[in-house]
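Below, chain A is the first sequence line, B the second, and so on; all start at residue 1.
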Number of protein chains: 2
Amino acid sequence: MAEDRRPYRRESQESRREALITAALELMAEGGAQAATVRAIADRAGITPGLIRHYFQTKDDLTRAAYAALMERMAEQSLRATLTAPDDPAARLAAFVAASLRPPVMTGDRVRLWAGFLHLVQRDPMMRAVHEATYLGYRNRLQALIQTLPGKGDPVQARALAIACNAVIDGLWLEGGTLPEGFAPQELEQIGLQAIAAILGTALPPTQTTDEAP
Amino acid sequence: MAEDRRPYRRESQESRREALITAALELMAEGGAQAATVRAIADRAGITPGLIRHYFQTKDDLTRAAYAALMERMAEQSLRATLTAPDDPAARLAAFVAASLRPPVMTGDRVRLWAGFLHLVQRDPMMRAVHEATYLGYRNRLQALIQTLPGKGDPVQARALAIACNAVIDGLWLEGGTLPEGFAPQELEQIGLQAIAAILGTALPPTQTTDEAP
DNA sequence: CGGGTGATTATACAAGCGTATAACAAGGGA
DNA sequence: TCCCTTGTTATACGCTTGTATAATCACCCG
């Protein structure tokens, strides 16, 4: 009748923090901020609730860390596309755009996760700074790609064009994420490339598919 | 020492429901879904918490009603712009776009409010239906305006153009709402009109300001 | 000018939340 | 091998949440 104490292993601070952040993001993606309770997060991370406060001073701290990790992942995934693309300015831009309009970036979970943080972002200065930095980083990357195109070197014009292209991407990302069954496969990707080509007045080459040869 | 009972007036079901919905939306815009508790909503609406359940069977019911009211207001405000515009296809389209990129449509509160509902929208079938209907209604309105432009009568092409233009509007709306100090006044409005003109390959006339003569 | 009715208030309850703290034990250093 | 540090569990506390129900009184009707 004696209730056994739960067995456990000691783990590194790094792996515990990562597990907690991943668990928090998963739960928030599935059920919103109110689903990511301390107990639910601990349960998914495989620990007991009390241990959370051994790695994060407060729950807000964990939330902040989770948001920073999410934004870092998103920025990294969009950026990676330009690295593997051909060494042609237009091709790299097209790859950048297309990567943002495909999974794993364009996903319902991602959109809802991002949206769920919005209120906290406004309130918390640290999260607000992360938000601004990520947005501007993405847009500046876009602007840099635009400025490499022939005849698009003017920074002032390129800024406006980058804002417009960024809006196209964000808008399609939003719609594809919230209404996935409303569009044919790769339809939004094609529409996005055409729209951006029209805005820039430049032809964009077709992008390679994501198929990875075995 | 006897504690007096709080005085009250009887009011119509209509006005009570409206007051509760408005209070819920205000609180949600200010502090997210978690700020819109039953007690806070009742307090702002000037009643005691128990009365809420006299007008809404459950809190989810109130939330559903609030979402429907929000979407109705947003659709109405964007639509109204086209009614007062000149009877020229391009001018009406421009007015429609510009109205979506100005207050009271483009506001941080609006964006956060909309984002805060996203999780509930996916889960609740009724809210999901409202979401889809509002989005498609907006986009179809855009498509109808595009099809009135010279040489844009083809529905298939107009659909793709409407999706692209809608994305521009949504994206700029998002960015203007979440990062208002990052742009000059009316900058997003101008960028949006230029981008949409480029996508459509049609010149758009300048829009009238919102100044209302006394 | 008195009911009667139902809108409204007041109070209570169980469940869940974030947080605090004491007891335990896993695993490395001597 | 044994101890000692500290990662980890277990338990508890106070507060807030949504909901339920009984008591009250504002206002319409005759």
Side-chain angles (χ1 to χ4, degrees), chain A residues 1-21 23-25 27-28 30-67 116 119-120 123-124 127, chain B residues 1-21 23-25 27-28 30-67 116 119-120 123-124 127:
Chain A
M1 222 46 182
E3 307 190 11
D4 299 88
R5 198 165 235 254
R6 167 184 180 148
Y8 62 91
R9 291 198 320 127
R10 295 193 170 198
E11 300 222 354
S12 73
Q13 168 163 338
E14 197 178 1
S15 74
R16 283 283 191 234
R17 289 177 67 98
E18 189 183 306
L20 285 169
I21 286 172
L25 289 177
L27 285 165
M28 219 168 149
E30 293 169 11
Q34 51 181 313
T37 69
V38 167
R39 286 165 177 82
I41 293 170
D43 197 51
R44 181 160 303 200
I47 61 173
T48 50
L51 190 55
I52 287 189
R53 298 191 24 87
H54 199 266
Y55 292 104
F56 296 94
Q57 202 155 24
T58 179
K59 196 206 170 186
D60 287 353
D61 270 20
L62 168 55
T63 306
R64 272 186 278 269
Y67 180 69
H119 272 289
L120 306 173
R123 223 158 246 75
D124 188 284
M127 292 176 78
Chain B
M1 223 46 182
E3 308 191 12
D4 299 87
R5 198 165 234 254
R6 166 184 180 145
Y8 63 91
R9 292 198 317 128
R10 294 192 169 197
E11 300 222 353
S12 73
Q13 168 162 340
E14 197 178 0
S15 74
R16 283 282 191 236
R17 288 177 69 97
E18 189 183 305
L20 285 169
I21 287 173
L25 289 177
L27 286 164
M28 219 168 149
E30 293 169 10
Q34 50 181 314
T37 69
V38 169
R39 285 164 178 81
I41 293 170
D43 198 49
R44 181 160 303 200
I47 60 173
T48 50
L51 190 55
I52 288 189
R53 301 194 18 90
H54 199 267
Y55 292 104
F56 296 94
Q57 202 155 23
T58 180
K59 196 208 170 184
D60 287 352
D61 270 20
L62 169 54
T63 306
R64 272 187 279 268
Y67 181 69
H119 272 288
L120 306 172
R123 223 157 246 78
D124 187 283
M127 292 177 78

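- OP1 and OP2 of C:dA25 both lie 4.0 Å or more from every side-chain N or O belonging to A:Arg6.
- Heavy-atom minimum distance, A:Pro49 versus A:Arg39: CG-CG, 3.9 Å.
- In this structure, A:Ile41 places its CD1 atom 14 Å from C1' of C:dG16, rounding to the nearest Å.
- For the pair A:Tyr8 OH and D:dT9 P, the computed distance is 7 Å after rounding to whole Å.
- At whole-Å resolution of the value, CD in B:Gln13 and C1' in C:dT5 are 16 Å apart.
- Listed by chain and residue number, A:Arg9 satisfy the salt bridge (charged side-chain N to carboxylate O under 4.0 Å, His left out) test with A:Glu11 (two or more places apart in sequence, or in another chain).
- In this structure, the side chain of B:Ser12 engages the main chain of B:Ser15 through a donor-acceptor pair within 3.5 Å.
- Taking the side chain of A:Val38 as heavy atoms from C-beta on, and the options D:dT24, C:dT19, C:dG27, the nearest nucleotide is C:dT19.
- Counting to the nearest Å, the C1' atom of D:dA23 and the CG atom of B:Asp4 are 16 Å from each other.
- Remark: B:Ile47, B:Thr48, B:Gly50, B:Leu51, B:His54, B:Tyr55 in residues 43-67 of chain B come within less than 4.0 Å of DNA chain C through at least one heavy atom.
- Each of B:Arg10 and A:Arg9 has a nearest nucleotide on DNA chain D; the 5'-most of these lies closest to A:Arg9.
- Taking the side chain as every heavy atom from C-beta outward, B:Phe56 and B:Arg64 never approach each other to under 4.5 Å.
- Residue A:Glu11 is classed as a sugar-phosphate contact, given heavy-atom separations below 4.0 Å to backbone atoms only.
- When atom types are taken as modelled, the side chain of A:His119 and the backbone of B:Ala33 share no donor-acceptor pair closer than 3.5 angstrom.
- Nucleotide D:dT16 holds its P atom 9 Å from the CZ atom of B:Arg39, rounded to whole Å.
- For the pair A:Thr37 (side chain) and A:Ala40 (backbone), a donor-acceptor distance under 3.5 Å is present.
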